[in-house]
Amino acid sequence: MVRIAMLSKWHVHAPGYAYFVKGNEKAELAAIWDDDKERGEAWAKEMGCPFFADLDELLARDDIDAVVCDAPTTMHKDVLIKAAKAGKHIFTEKALCPTVAECLEVKKAVEEAGVTFVISYPQRGRPCIQFAKKMIEKNAFGKITFVRVRDAHNGVSGNWLPEYWFNKDDAAGGAMMDLGCHPMYLLAYILGKPKRVTGIYTAPYGKPVDENAVAVAEFEGGAIGVAETSFISTFAPQTVEIIGTDGAMIAQGEDVQFKSSMLDGIKNWFIKPDLPEGKPSPLEQFINAVADGKGSPEGLGIDDAIALTELLELSYIGNDNNKIVEVE
């Protein structure tokens, strides 16, 4: 049984994670910490577990094996380094940290402690993405030249996101730092290491963070990746486009069209391919990895976390300075 402590209810996904832990046969919801004492106490009462106002006190307990971090993004570095040094396995919401420098400090602590680390990248497990990875392995796209990923909703224009979500001191950014993480980590998953990055971010509804955002990056090999996101889009399907010299995939949700001149039978038209099963949620993969004494699952480890932050950090620098940022 993996005994898990929830670290903060700040993130909107925190309640869902807590209920998942509570309902998982391999896990136990053992404790809750929150820097907001009133919020934390109310949540602990709701979930039927102890509340700790002191993070150090919670992390010192021997009856806690792992933590799920949903603290404000700008607090991640300090919270996660403490958790690693206390020997607790770590599951964290994305983004890991606002800057690569902070991520590297977390990586050092995680590796020195030898704990399992998993970041929440649920869309890497989607059937269409797993299909795309298999086709890349078969060279079905030929040389990939362009990838576009869009994930957007109307959280601002529909007025349903909480107002604290737009506090840059906590969130470190807006639409791209939140929902835009999904397109960004998918670009890194498909295309690898970026060479240069920029972004154009706007706020038509006047929030103090970006509400509408596009990032563009050149990756090794000359492929161009585009990540699109928004808090002011209605009826915007999740879209993934992968275009290569010899193949293409266009997906809206899990409705996939695929074509490849490298594979028999589909050289001249698009087909709807049979998709593989999606992977379990990152949190389920984390619980299983800790319970079975395994390391980080594929695509969800510390270096994957750093790759996302690299794209985010450089794209914000590009937007803020009206420039294209070279990757060092």
Side-chain angles (χ1 to χ4, degrees), residues 11 71-81 92-108 119-121 123 146-152 155-156 161 164-233 302-328:
H11 199 282
T73 306
T74 54
M75 292 177 63
H76 280 194
K77 185 194 82 170
D78 293 339
V79 168
L80 295 179
I81 287 176
T92 184
E93 187 54 80
K94 82 289 180 217
L96 175 55
C97 297
T99 68
V100 170
E102 292 171 283
C103 289
L104 291 174
E105 291 186 57
V106 176
K107 178 179 179 177
K108 182 174 184 289
I119 191 163
S120 184
Y121 287 176
Q123 292 199 28
F146 180 80
V147 177
R148 169 181 169 263
V149 187
R150 179 171 182 80
D151 203 334
V156 167
L161 277 173
Y164 72 80
W165 209 240
F166 315 120
N167 181 352
K168 189 175 181 180
D169 290 340
D170 291 336
M176 188 59 80
M177 187 63 71
D178 174 37
L179 191 61
C181 285
H182 298 297
M184 288 292 221
Y185 68 62
L186 288 181
L187 289 185
Y189 197 43
I190 296 166
L191 295 174
K193 181 75 174 173
K195 294 179 65 177
R196 54 186 179 141
V197 187
T198 195
I200 298 178
Y201 300 161
T202 66
Y205 279 71
K207 299 299 184 186
V209 294
D210 51 293
E211 303 165 350
N212 203 25
V214 175
V216 180
E218 177 191 356
F219 288 81
E220 292 179 349
I224 293 174
V226 178
E228 302 174 1
T229 193
S230 178
F231 286 162
I232 56 173
S233 294
I302 189 71
D303 288 330
D304 299 287
I306 294 171
L308 168 60
T309 290
E310 181 176 53
L311 285 168
L312 291 170
E313 182 179 11
L314 295 180
S315 67
Y316 274 97
I317 292 172
N319 174 75
D320 294 346
N321 295 277
N322 267 334
K323 64 184 289 189
I324 297 173
V325 186
E326 301 281 343
V327 178
E328 296 181 359

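Residue numbers run from 1 in the order of the sequence given.
A heavy-atom distance below 4.5 Å is not found between the side chains of Val149 and His182. In this structure, the side chains of Ile190 and Phe219 stay at 4.5 Å or more apart for every pair of heavy atoms. A 4.5 Å side-chain heavy-atom check between Tyr185 and Gln123 finds at least one atom pair inside the cut-off. A heavy-atom distance below 4.5 Å is found between the side chains of Pro98 and Thr74. In this structure the side chain of Pro204 reaches within 4.5 angstrom of the side chain of Glu211, judged on heavy atoms. The shortest distance between side-chain heavy atoms of Asp170 and Thr73 does not fall below 4.5 Å.
A side-chain donor-acceptor contact under 3.5 Å links Asp210 and Tyr316.
The structure places CG of Asn212 at 8.5 Å from OG1 of Thr229, a figure rounded to the nearest 0.5 Å. Expressed to the nearest 0.5 Å, how far CZ of Phe231 lies from OH of Tyr205 amounts to 14.0 Å. Separation of atoms CE (Met177) and CH2 (Trp165) is listed at 12.0 Å; rounding is to 0.5 Å.
Residues forming a side-chain contact (heavy atoms from CB on, under 4.5 Å) with Ala152 (at least two apart in sequence, or on another chain): Arg150, Ser230, Ser233, Ala236. Residues passing the side-chain contact (heavy atoms from CB on, under 4.5 Å) test with Asp78, sequence neighbours excluded: none. Every residue two or more places apart in sequence or in another chain that forms a side-chain contact (heavy atoms from CB on, under 4.5 Å) with Val100 is listed here: Leu104, Ile306, Thr309, Glu310, Glu313. With sequence neighbours excluded, the residues forming a side-chain contact (heavy atoms from CB on, under 4.5 Å) with Glu218 are Lys195, Arg196, listed by chain and number.
Side chain of His76 to backbone of Cys97: no donor-acceptor contact under 3.5 angstrom is found.
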Side-chain donor-acceptor pairs of residues 317-324 under 3.5 Å, sequence neighbours excluded:
from, atom 1, to, atom 2, distance (Å)
Asn319, OD1, Tyr201, N, 2.8
Asn321, ND2, Ile317, O, 2.9

Side chain to side chain contact (heavy atoms under 4.5 Å, CB included) between Leu96 and Ile119: does it pass, once the steps are laid out?
CA-CA 7 Å; Leu96 175 55; Ile119 191 163; 4.1 Å; yes
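Counting only residues at least two apart or on different chains, the salt bridge (charged side-chain N to carboxylate O under 4.0 Å, His left out) pairs with a member in residues 92-105 are Lys77-Glu105.
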